[in-house]
Amino acid sequence: MCSRTSPRSSRTGRPRSPEADTAILEATRAALVELGWAKLTMGDVAGRAKVAKTTLYRRWANKNELVVDAVAVLFDELELPDLGSLRADIGHVVLQFAALLERPETKTALMAVVAESTRDEPLRERIRASIVDRQKRLVLEGRMRAQRRGELPADRDPAVVDALDDLIFDVIAGAVVHRALVSAEPVDEEWVVRLSALLVGGLGAVAD
């Protein structure tokens, strides 16, 4: 699993409290669901989490940083258990991802930060570093496991492998987010089986 260290945790002074961090991030997600992005304030989050506003600002410079981290910890819950085949592994993580997107706090927070990032380049970079790059670990883990099983060939050109990992992540994340949040269609077993077959078939074609 990847580290969940906040970019602001290197500051000197009083040690951070994991309990306070958890309370703050939970309060942030709850406030987003209730108030929406525009009405959310650091003061409101501090009140809900029962911490001083200065405690928030020691950890996060603004609400953009705070909301991204509140979303990122939810995506860190995703896991890739070994189910014996690449197709089964992909199907399992896709269903996990879809279930996560069904939660009101995930859906509201993710859509809010993505919308805001269209006019905020630093926010876009933070989303990439804290959510996208961190969750690419699942693609790397799945590919390496499939190679050990003999389902995929060993790595060749590192640049090609990195580009392929990016593409796999984009295809899975894009397909699930679009179906669940844009089209509002169910991400059910039948759809996941078709998506997994498409991905595995495509990977086989790339490897040939």
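Atoms considered below: every heavy atom in the structure, side chains included; atoms not considered: hydrogens, waters and symmetry mates. Predicted model, so just to flag it, every value in this text is computed and none were measured.
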Using a 4.5 Å cut-off on heavy atoms from C-beta on, say whether the side chain of Val177 contacts that of Val114. no
Does any part of the side chain of Ser130, heavy atoms only, come nearer than 4.5 Å to the side chain of Asp69, both counted from C-beta? yes
Salt bridge (charged side-chain N to carboxylate O under 4.0 Å, His left out) assessment of Glu77 paired with Arg103: CA-CA 13 Å; Glu77 297 175 11; Arg103 290 160 57 176; 3.1 Å; yes
Working for side chain to side chain contact (heavy atoms under 4.5 Å, CB included), residues Val113 and Asn64: CA-CA 7 Å; Val113 295; Asn64 290 3; over 6 Å; no
Is there side-chain contact between Ile131 and Arg126, with at least one heavy-atom pair below 4.5 Å? no
Non-hydrogen side-chain atoms of Phe75 and Thr106 separated by less than 4.5 Å: yes
Under a 3.5 Å cutoff, is there a donor and acceptor pairing between the side chains of Gln135 and Arg137? yes
Hey, are the side chains of Trp37 and Val67 touching, using non-hydrogen atoms and a 4.5 Å cut-off? yes
Measuring only between side-chain heavy atoms, which start at C-beta, is Tyr57 closer than 4.5 Å to Met42? yes
Using a strict cut-off of less than 4.0 Å between a Lys/Arg side-chain nitrogen and an Asp/Glu carboxylate oxygen, indicate whether Asp165 and Arg143 qualify as a salt bridge. yes
Report yes or no: does Arg29 contribute a side-chain atom to a donor-acceptor pair with the main-chain N or O of Ala70 at less than 3.5 Å? yes
Any side-chain heavy-atom pair from Leu164 and Val139 closer than 4.5 angstrom? no
May I ask you to say whether Asp120 pairs ionically with Arg124, meaning some side-chain N is under 4.0 Å from a carboxylate O? no
Quick check against the 3.5 Å criterion: does Glu34 have a side-chain atom that pairs as donor or acceptor with the backbone of Ala30? no
Quick check: does any side chain N or O of Glu105 sit under 3.5 Å from a backbone N or O of Val33, one acting as donor and the other as acceptor? no
Would you confirm whether Lys63, through its side chain, and Leu40, through its main-chain N or O, come within 3.5 Å as a donor-acceptor pair? yes
For Ser196 and Val192, indicate whether the former's side chain and the latter's backbone hold a donor-acceptor pair under 3.5 Å. yes
Asp89/Arg149 ion pair, N-O < 4.0 Å: yes
